[in-house]
Amino acid sequence: MAGYVVEPGGRIAWNLHVPGDKSVSHRALMLGAIASGVTRITGLLEGEDCLATLRAVARLGVRVQRPAPLEVLIEGVGLHGLAAPAEALDMGNAGTAMRLFMGLLAAQRFDTELVGDASLMRRPMERVAQPLRDMGARIETRDGRPPVRISGGMALQGIRYAMPVASAQVKSALLLAGLYAHGETTVVDAAATRDHTERMLQGFGVDVTARDGVVTVRPPGRLEASQVEVPGDFSSAAFFIVAACIAARDPVVIESVGVNPTRTGLLEMLALMGADLRLVNHRSAGAEPIADVEVRPSRLRGIRVPERLVALAIDEFPAFFIAAACAEGETVVTGAEELRVKESDRIAVMARGLEAVGVRHEVLPDGLRIEGGPVGGGVVDSHGDHRVAMSFAVASLRATAPIEIRDVANVATSFPGFAPLARSAGLRLEEIP
Ligand code: S3P
């Protein structure tokens, strides 16, 4: 099983550019598929998760051309033009792909089955299946988990749904199903979550309104093909933002990063810890704001993380826990039980990793309490979780001995090229078979 060995003493430097945003890439591929006309996507994340979506789109009868690296042309087949796939659609490790496809496929004329890798086959799907059933869909899960079997030919009815969990995936699945429903579909957020679907639907000409956590979509006659420029993924930039806080000598700039305010809770959390961060060179990539993130080396202090920031930083907690381990004093995260149902149980798996490198901590049902202090060396099992693997690579910058990280192949799901980029930035990282 592939791993990393990361020697201590690296120093983070340079201007960096991270790959495209995973959430935006998935959505662009799906909306392009059901639009009328050719959608051009540039800066696509060519990680395994988005490639699973790309393959699924092709298996649903959509022609996809790849004229250049990171560029895709999708010949949209229109809202009702998707065709039955010959076999089950394999979503790999991608929870976003599976949940958003559930919404999109619930209203088709044909049946589909969605499967994934061992991690995805353990993840909860009823949170999407149940409200889709309320809309009239027929969907089966196995004890709440994949495989997901969707029956075609069902007429959907728009609903108003108050989400019990803060989840952009649930919201997005319902909005996609709502494109096909009779009447409007309204989703009420439990807390603000990423709004890429709402923004992108508007870019494809759909009537979507979003205000005060209430999103309503009205079924369009068609989606107009669009151009999507995918911003750099804030969640990938996060590893280098934390790295720069804890181990830079000079300012580090991460260029052209998506800074949609529903994604950047980490910046606020680090600022509360005393980090010296700023966003410069603001511009936009279509419907999404982008900027360069400038980070200066900082002395971090432990904090109690405001719960309102949890959903706005949901994918950044593995990296944030490393920042907390390198801070002075105690950091407490609560209200983050959703971390337990990500690619791994990120509370348990991060806690085991912190244990392995000698960081004192306490596991809470819905978070972690971490005592900042020295980070040692050790062997960390990422349990196949890409973000856990990359976080412990960053921890090496402050470690007193090498950290070996096991089971890192899934880094390719979200951050192809992480290892060479990390090395060029100054991490002393070696890949081992
Ligand atoms: C995502 C939403 C989040 C996030 C995931 C991507 C999306 O999941 O953790 O990595 O693209 O909508 P939840 O909706 O389950 O919180």
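When a ligand or atom number is given, it counts from 1 through the structure's own listing order.
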Sub-4.5 Å side-chain heavy-atom contact between Val359 and Phe321: no

side-chain contact (heavy atoms from CB on, under 4.5 Å) assessment of Val230 paired with Ile41: CA-CA 7 Å; Val230 181; Ile41 307 171; 3.7 Å; yes

Contact atoms of ligand 1, heavy-atom distance to Ser23 under 4.0 Å: 6 (C), 7 (C), 11 (O)

Nearest protein heavy atom with distance in Å, relative to atom 1 (C) of ligand 1: Gln169 NE2, 3.5 Å

Close-contact set for ligand 1 against Ala168 heavy atoms, below 4.0 Å: 12 (O), 14 (O)

Top protein contact for atom 10 (O) of ligand 1, by heavy-atom distance: Asp315 OD2, 2.7 Å

Sub-4.0 Å atoms of ligand 1 with respect to non-hydrogen atoms of Ile314: 9 (O)

Residue Thr96 vicinity, atoms of ligand 1 by number, heavy atom under 4.0 Å: 1 (C), 5 (C), 6 (C), 7 (C), 11 (O)

Neighbour count >12 (heavy atoms, 6.0 Å) for atom CZ, Arg211: no

Residue Arg194 vicinity, atoms of ligand 1 by number, heavy atom under 4.0 Å: 1 (C), 2 (C), 4 (C), 6 (C), 7 (C), 11 (O), 12 (O)

Region of Lys171 engaging ligand 1 - heavy atom pairs below 4.0 Å: neither

Heteroatom proximity flag, Glu343 to ligand 1, N/O under 3.5 Å: no

The single option from Arg194, Arg387, Arg263 passing salt bridge (Lys or Arg N to Asp or Glu O under 4.0 Å) against Asp233: Arg263

Any donor-acceptor N or O pair under 3.5 Å, side chains Thr96, Gln169: yes

Of the listed options Arg27, Arg346, His26, Arg99, closest to atom 12 (O) of ligand 1 (non-hydrogen atoms): Arg27

Nearest-0.5 Å distance that lies between atom CG in Leu44 and atom CG in Leu51: 7.5 Å

Member of Arg142, Arg145, Arg133 meeting the salt bridge (Lys or Arg N to Asp or Glu O under 4.0 Å) criterion with Glu126: Arg133

Ion pair Arg283/Asp292, N-O distance below 4.0 Å: yes

Sub-4.0 Å atoms of ligand 1 with respect to non-hydrogen atoms of Lys342: 3 (C), 4 (C), 8 (O), 9 (O), 13 (P), 15 (O), 16 (O)

Which residue and heavy atom of the protein sit nearest atom 14 (O) of ligand 1, plus the separation: Ser167 OG, 2.7 Å

